[in-house]
Amino acid sequence: MYYTTGFRRDEIQDLVAIVYEQDQRDATEARLSWPPVLGLFWSAVITLAYLRGNRVQWELAETYGVSQSTVSRAITGVTPLLAQALRSVVPTAEELRADRQYIIDGTLLPCWSWAAVPGLWSGKHRTTGVVVQVAATLEGQLSWISDPTPGSRHDLYCLDQSGALDHLATYPPIGDKGYIGRGMLTPFKKPPGRELLDWQKTFNKSLNHTRATIERVIAHIKTWKVLHADYRRPYATFKTTISAVIGLIFYTLT
């Protein structure tokens, strides 16, 4: 079970308790958000397996001995409950510490090319998706993930929209050249018609070495394959799915 979900049975049972409490708070009448044939525990297991491995629903149905529609109802019911129940463990931009220095970078979470949703095409990544900003400490501790914005938006726009820089004036965050102009520590751009000075090259090399930390953090985030490969479910559910995975990531860090 651990190798398909990333959680031990006892950890899943703890999550199930949290999800059940959330469902009871949200319920306006007696109802179940998950298929009775599965129950909440196995609905949660299937949902976690889907999020962790981006597995197709037919394959999950065969694995767990139910219909594809049952798997779909389990994922549809449990994912929003996970997102809501774990919201309290997800740091906001306001919680970034002014006395710490962070590394910030953006990453694309790919999805299918939904014709009815303009603005998903990212020229930088040459595919469609949404962009999130990620902040980590110099030691590699994940500290914050922004809300998603359409893939066509530049990292600088996404960071401005998040408001994160409003709380980080004491120690300027480290970023790549895409963040030039916001008071962050960024590499020097090569001037037109000449080379960088030796000390600027040394600075860039040192800064890029430090920035490698955020690449490892983002790679760890994308071990949740639903954020790494094209999202196949309806686009309207993507933001909730992202919130659920971010909640699970920070839940494992608490």
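Note that the numbering runs from 1 along the sequence shown for the chain.
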State whether the side chain of S162 and the backbone N or O of S146 hold a donor-acceptor pair below 3.5 Å, judged by distance alone.
no
Donor-acceptor contact below 3.5 Å, side chain S72 vs main chain Q68:
no
Looking at the rings of F188 and W199, which for Trp means the six-membered one, are their centres under 6.0 Å apart?
yes
Those residues at least two apart in sequence (or on a different chain) that pass salt bridge (charged side-chain N to carboxylate O under 4.0 Å, His left out) with E11 are R8
Evaluate Q133 against Y179 for side chain to side chain donor-acceptor pair (under 3.5 Å), listing each step before the verdict.
CA-CA 12 Å; Q133 301 297 301; Y179 297 102; 2.5 Å; yes
Is there a side-chain contact between R233 and F238, using heavy atoms and a 4.5 Å cut-off?
no
I would like to know whether T107 and K222 meet side-chain contact (heavy atoms from CB on, under 4.5 Å); could you show each step before the answer?
CA-CA 10 Å; T107 187; K222 291 193 173 183; 2.9 Å; yes
What's the shortest heavy-atom distance between S33 and D23, and which atoms?
OG-OD1, 2.6 Å
Other than Y3, what residues sit in its cluster of Ile, Leu, Val, Met, Phe, Trp and Tyr side chains whose heavy atoms are under 4.5 Å apart, directly or through others?
Y2
Considering only residues two or more places apart or on different chains, which pairs with a residue in residues 56-80 satisfy salt bridge (Lys or Arg N to Asp or Glu O under 4.0 Å)?
R55-E59
Judged by atom type as modelled, is there a donor-acceptor pair below 3.5 Å linking the side chain of E95 to the main-chain atoms of T92?
yes
Mind checking what makes side-chain hydrogen bond (donor to acceptor under 3.5 Å, both in side chains) contact with T240, not counting sequence neighbours?
none
Heavy-atom donor-acceptor pair, S152 side chain to G119 backbone, under 3.5 Å
yes
So, using side-chain hydrogen bond (donor to acceptor under 3.5 Å, both in side chains) as the criterion, who are the partners of S243 when residues are at least two apart?
none
Can you name the salt bridge (charged side-chain N to carboxylate O under 4.0 Å, His left out) partners of D160, sequence neighbours left out?
R182
So, the side chain of Q101 versus the backbone of T137: is there a donor-acceptor pair under 3.5 Å, distance only?
no
With R216, which residues qualify under side-chain hydrogen bond (donor to acceptor under 3.5 Å, both in side chains), at least two apart?
T213
For R100, what residues pass the salt bridge (charged side-chain N to carboxylate O under 4.0 Å, His left out) criterion, not counting sequence neighbours?
E139
I'd like to know if the side chain of H125 reaches the main chain of T127, judged simply by a donor and an acceptor atom lying under 3.5 Å from each other, with no hydrogens or angles considered.
no
Here the pair of heavy atoms bringing N54 nearest to D230 is ND2-O, 3.7 Å
Does R97 have any salt bridge (charged side-chain N to carboxylate O under 4.0 Å, His left out) partners at least two apart in sequence or in another chain, and if so, which?
D99
Who pairs with R153 by side-chain hydrogen bond (donor to acceptor under 3.5 Å, both in side chains), at least two apart in sequence or on another chain?
none
So salt bridge (Lys or Arg N to Asp or Glu O under 4.0 Å) across residues 112-126, not counting sequence neighbours, yields K124-D155
Can you pull out every salt bridge (Lys or Arg N to Asp or Glu O under 4.0 Å) where at least one residue sits in residues 189-211? Sequence neighbours excluded, please.
D105-R211, D176-R211, K190-E195, R211-E215
Does any non-hydrogen side-chain atom of F250 lie less than 4.5 Å from one of I145?
yes
Just by distance, do the side chain of Q84 and the backbone of L81 share a donor-acceptor pair under 3.5 Å?
no
With a 4.5 Å limit on heavy-atom distance, are the side chains of M184 and L168 in contact?
no
Checking S143 side chain against Q141 main chain: does a donor-acceptor pair fall under 3.5 Å?
yes
State, without any angle test, whether Y231 and T241 hold a side-chain donor-acceptor pair at a distance under 3.5 Å.
yes
Any donor-acceptor pair under 3.5 Å from T79 side chain to T76 backbone:
no
Do the non-hydrogen side-chain atoms of F7 and L248 ever get within less than 4.5 Å of each other?
yes
